[in-house]
Participant: 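Structure below; questions to follow.
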Amino acid sequence: KKTILKKSEESKSILNIKPKVTNMVCTVDLDCVLDLRKIALKTKNSEYNPKRFHALIIRLRNPKTTAMIFKSGKLVNFILKGMHWG
């Protein structure tokens, strides 16, 4: 059975929607070639295994985030659930 809502009821139901941001992805293009092996040796919490995956992965605990850095200079950063934005 379909329920037909009047316009005022539709607008009330839409106004009750409260979006919640749980994860965020940021991308950056440095427009240069990076030496991932050298960066991996100089950073903490990083892993680089080019036979398995062609990006340097850096994980931070606070804030809880993971960054993938590619040789092409492109970075992808995942800010995970529970992170608070000012």
Side-chain angles (χ1 to χ4, degrees):
K1 184 177 178 181
K2 287 187 176 181
T3 304
I4 299 173
L5 297 175
K6 295 178 186 174
K7 280 194 172 192
S8 61
E9 290 175 346
E10 284 180 4
S11 61
K12 283 181 184 176
S13 66
I14 290 172
L15 295 175
N16 288 333
I17 296 172
K18 296 179 182 176
K20 180 181 174 187
V21 176
T22 55
N23 299 318
M24 189 166 70
V25 178
C26 304
T27 59
V28 176
D29 187 354
L30 299 175
D31 198 28
C32 65
V33 177
L34 301 173
D35 185 347
L36 299 181
R37 190 173 310 279
K38 192 179 282 188
I39 295 170
L41 292 172
K42 302 252 181 195
T43 56
K44 293 181 180 181
N45 300 322
S46 63
E47 59 182 81
Y48 180 57
N49 185 350
K51 291 179 183 176
R52 204 169 115 204
F53 188 62
H54 293 285
L56 170 66
I57 300 171
I58 300 175
R59 291 185 173 86
L60 299 177
R61 292 183 186 165
N62 191 14
K64 191 171 182 180
T65 180
T66 300
M68 294 188 311
I69 305 172
F70 295 88
K71 182 179 180 178
S72 65
K74 294 187 179 178
L75 286 78
V76 180
N77 188 26
F78 302 95
I79 301 173
L80 305 174
K81 185 177 180 177
M83 172 68 192
H84 298 284
W85 299 290

Participant: Minimum heavy-atom separation for Leu34 to Gly73, with atom names?
Facilitator: CD1-CA, 3.8 Å
Participant: Going by the rule side-chain contact (heavy atoms from CB on, under 4.5 Å), which residues pair with Val76 if we only count those two or more places apart in sequence or in a different chain?
Facilitator: Val25, Thr27, Met68, Phe70, Phe78
Participant: If the condition is side-chain hydrogen bond (donor to acceptor under 3.5 Å, both in side chains), which residues does Asn49 pass it with, not counting sequence neighbours?
Facilitator: none
Participant: Membership question, hydrophobic clusters at under 4.5 Å side-chain separation (ILVMFWY): are Leu30 and Tyr48 in the same one?
Facilitator: yes
Participant: Do Ser46 side-chain atoms and Ala40 backbone N/O form a donor-acceptor pair below 3.5 Å?
Facilitator: yes
Participant: Going by side-chain hydrogen bond (donor to acceptor under 3.5 Å, both in side chains), name the residues that satisfy it together with Thr66, two or more places apart in sequence or in a different chain.
Facilitator: none
Participant: Can Leu75 be reached from Ile58 by stepping across I, L, V, M, F, W or Y side chains whose heavy atoms are under 4.5 Å apart?
Facilitator: yes
Participant: What residues, two or more places apart in sequence or in another chain, satisfy side-chain contact (heavy atoms from CB on, under 4.5 Å) together with Asn45?
Facilitator: none
Participant: Restricting to side-chain hydrogen bond (donor to acceptor under 3.5 Å, both in side chains), what partner residues turn up for Ser72, sequence neighbours left out?
Facilitator: none
Participant: Who passes side-chain contact (heavy atoms from CB on, under 4.5 Å) against Lys71, sequence neighbours left out?
Facilitator: Val33, Leu36
Participant: With clusters defined by side-chain heavy atoms of hydrophobic residues (ILVMFWY) lying less than 4.5 Å apart, directly or transitively, does Val28 cluster with Leu56?
Facilitator: yes
Participant: Among all residues two or more places apart in sequence or in another chain, which pass the side-chain contact (heavy atoms from CB on, under 4.5 Å) test with Asp31?
Facilitator: Asp29
Participant: Mind jotting down which residue pairs meet the salt bridge (charged side-chain N to carboxylate O under 4.0 Å, His left out) criterion with at least one end in residues 41-60? Sequence neighbours excluded, please.
Facilitator: Glu47-Arg59
